[in-house]
**Student:** 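Please read through the structure below; I'll follow up with questions.
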Amino acid sequence: MTFQAGACHGDGAADEGMNRELSYYPGCSLHGSAREYDHSTRALCEMLDIHLQELDDWSCCGASSAHAFDRDASVMLPARNLAIAAQQGKDVLIPCAACYGRTKAAQKSLAEDAGLQHKYAEQFGSNVPVSVPLLNLPELLSDPDMVEALKQRVRKPLNGLRAVCYYGCLLMRPPSVTQVENYETPETMERVFAALGGTPVPWSYKTECCGGGLVLGRPDIVNKLVDTLCLQAEEAGAEAFITACPMCQGNLDMRQKDAAAAFGRDYSLPVFYISELAALALGYARSNGWWRKHLVNPRPLLREKGLQ
Amino acid sequence: MSESISSVQEIGTDELPVIEPDPSFMKQMLEMGSPQISPCFQCLKCSSGCPLGFAMDHLPHQIIRMVQMGLKHEVLASSAIWLCASCETCVTRCPNGVELPRVMDALRQIAVREGVRPAEEEIAKFHDSFMDEIRCSGRVHEMSLIGRYKRRTRQWFQDAGLGARMFLRGRLGFLPEKVKDRDKVRSILRKGGAR
């Protein structure tokens, strides 16, 4: 809803591009193991005339750890970024699901909790700024105008590509924070993937957990969860996963070989970021650098579909 | 409750655990920012949907009941509080809106503060390494994070093959990025300062 408010500058936004300005919070993963998510998001936005301005001197949101040790820090770490975003004055695109969830939760806590507002004033020397709208990537791309714009700009339709959309946890939950209505069986990424010419495959594990931050501490558990997701995706008839979270992508892509070995399976399902596929479909020519970073090589599948 | 315990002690059955409930535990939980858990009526929806339940010693609904009963030692020593991945499935489905992930946060915080040895030491060490990384740079650099974690756990060869593959594919960045205003980040961590 916030999107529609500031999204389309007059009619014909769909054919003339979105021509929109957004602040951009990449978060630590997108400057590290998920750089292809960062690059493809930037490339895609450029193709859609969405201008991204990175938050100046942003810091870590605290992600999977701060809340486990210190509630105040888990609010004040994102609050520092929210203060910068308020200064930049634009809606903020946060592609990482964990950053999105943590920042949005902090925003809600700051709006509701007088004690935290007081601590904010102590820490930052000013009152809590007016909440800026925060957007994740499926949210941005599945807006009806945007879906229309994507359809019109597809140069290389993803014909015949059968994939399951995997949302994981924090894009959808808890709904009191995300304000999503269809949080158990979301369809936003399916709408985007279908607009790009792909075939979304229905399945029941869209919002199951991949184990997230347990990946270093208990890789055996993450392998088990990854195994279940791969089996379910395969059984549903999918050839690949589509994600919008660096932890989901990381666990599914990087743990898949170990999971297959641990449980004696032979699945091999490439794990795409939705931004990678969208940019590819819109005709982005330099996607090879992204595929190189994937541990489950997506190039044979893309070649088979005539997309490489 | 206490009656049945004393009768167990009288019988002198060594194998049965002696449970010492701490009636002030719930009060301490609330002081640590835990949400109310009294609305829980043990419907088990949280445990049915918990993706980590299969690996936990006590299921989420049991943790809630144990906190209500004041079984402080048992709860703080459980693996469940560390295995909870904060996936938010339980709170999303709870008919009474019990915010279980926040309960788990408060339990971990009390466990750390009171020096209870974590049942899942590797996970606790991961969190420690993560927070050190934020304290040091303001951002998390994955290669440094893995280095910190390995120094703490001394599991030098765990996932060595995967690390090598990640490195070869360019998924691990060389140089850490540092936030300019690191003082502010550190002040946030100090002021909250659980450790």
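Lettering of chains follows the sequences in order, A, B, ..., and the numbering in each one begins at 1. Quick note: numbers below take in every heavy atom, side chains included, and nothing from hydrogens, waters or symmetry partners.
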**Student:** Side chain to side chain donor-acceptor pair (under 3.5 Å), that's the test. Do B:Glu114 and B:Gln28 meet it? Break it down for me.
**Tutor:** CA-CA 12 Å; B:Glu114 304 203 349; B:Gln28 188 186 8; 2.7 Å; yes
**Student:** Is it the backbone or the side chain of A:Asp253 that comes under 4.5 Å from a heavy atom of chain B, or both, or neither?
**Tutor:**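 For A:Asp253, the side chain is the part near chain B, not the backbone.
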**Student:** On the 0 to 90° scale, with breaks at 30° and 60°, tag the A:Phe272-A:Trp291 ring pair as parallel, tilted or perpendicular.
**Tutor:**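 Because their plane-to-plane angle is over 60°, the rings of A:Phe272 and A:Trp291 count as perpendicular.
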**Student:** Quick one: of A:Gly212, A:Ala63, A:Ser176, A:Ser64, who has the most non-hydrogen atom pairs under 4.5 Å with chain B?
**Tutor:**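 Looking at each of A:Gly212, A:Ala63, A:Ser176, A:Ser64 in turn, A:Ser64 comes out on top.
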**Student:** Counting only non-hydrogen atoms closer than 4.5 Å, does B:Gln158 touch chain A with its backbone (N, CA, C, O), its side chain (CB onward), both, or neither?
**Tutor:**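 Contact with chain A is through the side chain of B:Gln158 alone.
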**Student:** Given a strict heavy-atom distance threshold of 4.5 Å, which part of A:Ser29 is in contact with chain B: side chain, backbone, both, or neither?
**Tutor:**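 Both backbone and side chain of A:Ser29 come within 4.5 Å of chain B.
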**Student:** For B:Leu172, is it the side chain, the backbone, both or neither that has a heavy atom under 4.5 Å from a heavy atom of chain A?
**Tutor:**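 Backbone only.
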**Student:** Heavy-atom distances under 4.5 Å only: say whether A:Thr228 touches chain B with side chain, backbone, both or neither.
**Tutor:**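 Contact with chain B involves no heavy atom of A:Thr228 at all.
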**Student:** Examine whether an atom of A:Leu170 lies under 4.5 Å from a heavy atom of chain B, and if so say whether it belongs to the side chain, the backbone or both; otherwise answer neither.
**Tutor:**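 For A:Leu170, the side chain is the part near chain B, not the backbone.
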**Student:** Is the ring pair B:His127/A:Phe69 parallel, tilted or perpendicular, if the boundaries are 30 and 60 degrees?
**Tutor:**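 Rings of B:His127 and A:Phe69: perpendicular, as their planes differ by over 60°.
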**Student:** Flag the pair B:Glu122 / B:Lys125 as yes when at least one side-chain heavy-atom distance between them is below 4.5 Å, and no otherwise.
**Tutor:**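 Counting from C-beta outward, B:Glu122 and B:Lys125 never come under 4.5 Å.
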**Student:** Let me know if A:Asp56 has heavy atoms under 4.5 Å from chain B in its side chain, its backbone, both or neither.
**Tutor:**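 Interface part for A:Asp56: side chain.
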**Student:** Do you know which of A:Arg71, A:His31, A:Glu208 has the most heavy-atom pairs under 4.5 Å to chain B?
**Tutor:**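 Highest number of pairs under 4.5 Å: A:His31.
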**Student:** Please state whether the side chain, the backbone, both or neither of B:Leu83 comes within less than 4.5 Å of a heavy atom of chain A.
**Tutor:**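 Both parts, heavy atoms under 4.5 Å.
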**Student:** Tell me, for A:Lys224 versus chain B, whether the close heavy atoms (under 4.5 Å) come from the side chain, the backbone, both or neither.
**Tutor:**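 Contact with chain B involves the side chain of A:Lys224 alone.
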**Student:** Is B:Val140 in contact with chain A via its backbone, its side chain, both, or neither, using a 4.5 Å heavy-atom distance?
**Tutor:**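 Backbone plus side chain of B:Val140, per the 4.5 Å heavy-atom cut-off to chain A.
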**Student:** Which donor-acceptor pairs under 3.5 Å do the side chains of residues 93-101 of chain B make with protein atoms, sequence neighbours left out?
**Tutor:**
| residue | atom | partner | partner atom | Å |
| --- | --- | --- | --- | --- |
| B:Arg93 | NE | A:Glu184 | OE2 | 2.8 |
| B:Arg93 | NH2 | A:Glu184 | OE1 | 2.9 |
| B:Asn96 | ND2 | B:Pro39 | O | 2.9 |

**Student:** Residues two or more places apart in sequence or in another chain: which of them pass salt bridge (Lys or Arg N to Asp or Glu O under 4.0 Å) with B:Asp132?
**Tutor:**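 For B:Asp132 the salt bridge (Lys or Arg N to Asp or Glu O under 4.0 Å) partners, ignoring immediate neighbours, are B:Arg135, B:Arg152.
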**Student:** Of the backbone (N, CA, C, O) and the side chain (C-beta and beyond), which part of B:Asp181 lies under 4.5 Å from a heavy atom of chain A, both, or neither?
**Tutor:**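 For B:Asp181, backbone and side chain are both near chain A.
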**Student:** For the candidates A:Cys60, A:Ser65, A:Cys169, A:Gly217, which exhibits the highest count of non-hydrogen atom pairs separated by less than 4.5 Å from chain B?
**Tutor:**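 Among the listed options, the one with the most contacts to chain B is A:Ser65.
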**Student:** If I measure from the heavy atoms of chain B, does A:Asp220 come under 4.5 Å with its side chain, its backbone, both, or neither?
**Tutor:**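 Interface part for A:Asp220: neither.
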**Student:** Measure A:Leu225 against the heavy atoms of chain B and call it side chain, backbone, both or neither at under 4.5 Å.
**Tutor:**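 Just its side chain gets close to chain B.
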**Student:** Quick one: sort the B:Phe126 and B:Phe130 rings into parallel, tilted or perpendicular, breaks at 30° and 60°.
**Tutor:**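 B:Phe126 and B:Phe130: tilted rings.
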**Student:** So with a 6.0 Å cut-off around CG of A:Asn182, is the heavy-atom count from everything else above 12?
**Tutor:**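 More than 12 within 6.0 Å, yes.
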**Student:** Heavy-atom pairs under 4.5 Å with chain B - which of A:His294, A:Arg292, A:Arg80, A:Met172 has more of them than the others?
**Tutor:**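 Sorted descending by pairs with chain B, the first entry is A:Arg80.
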**Student:** Are A:Glu139 and A:Tyr100 linked by a side-chain donor-acceptor pair shorter than 3.5 Å?
**Tutor:**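 Yes - a donor-acceptor pair under 3.5 Å links their side chains.
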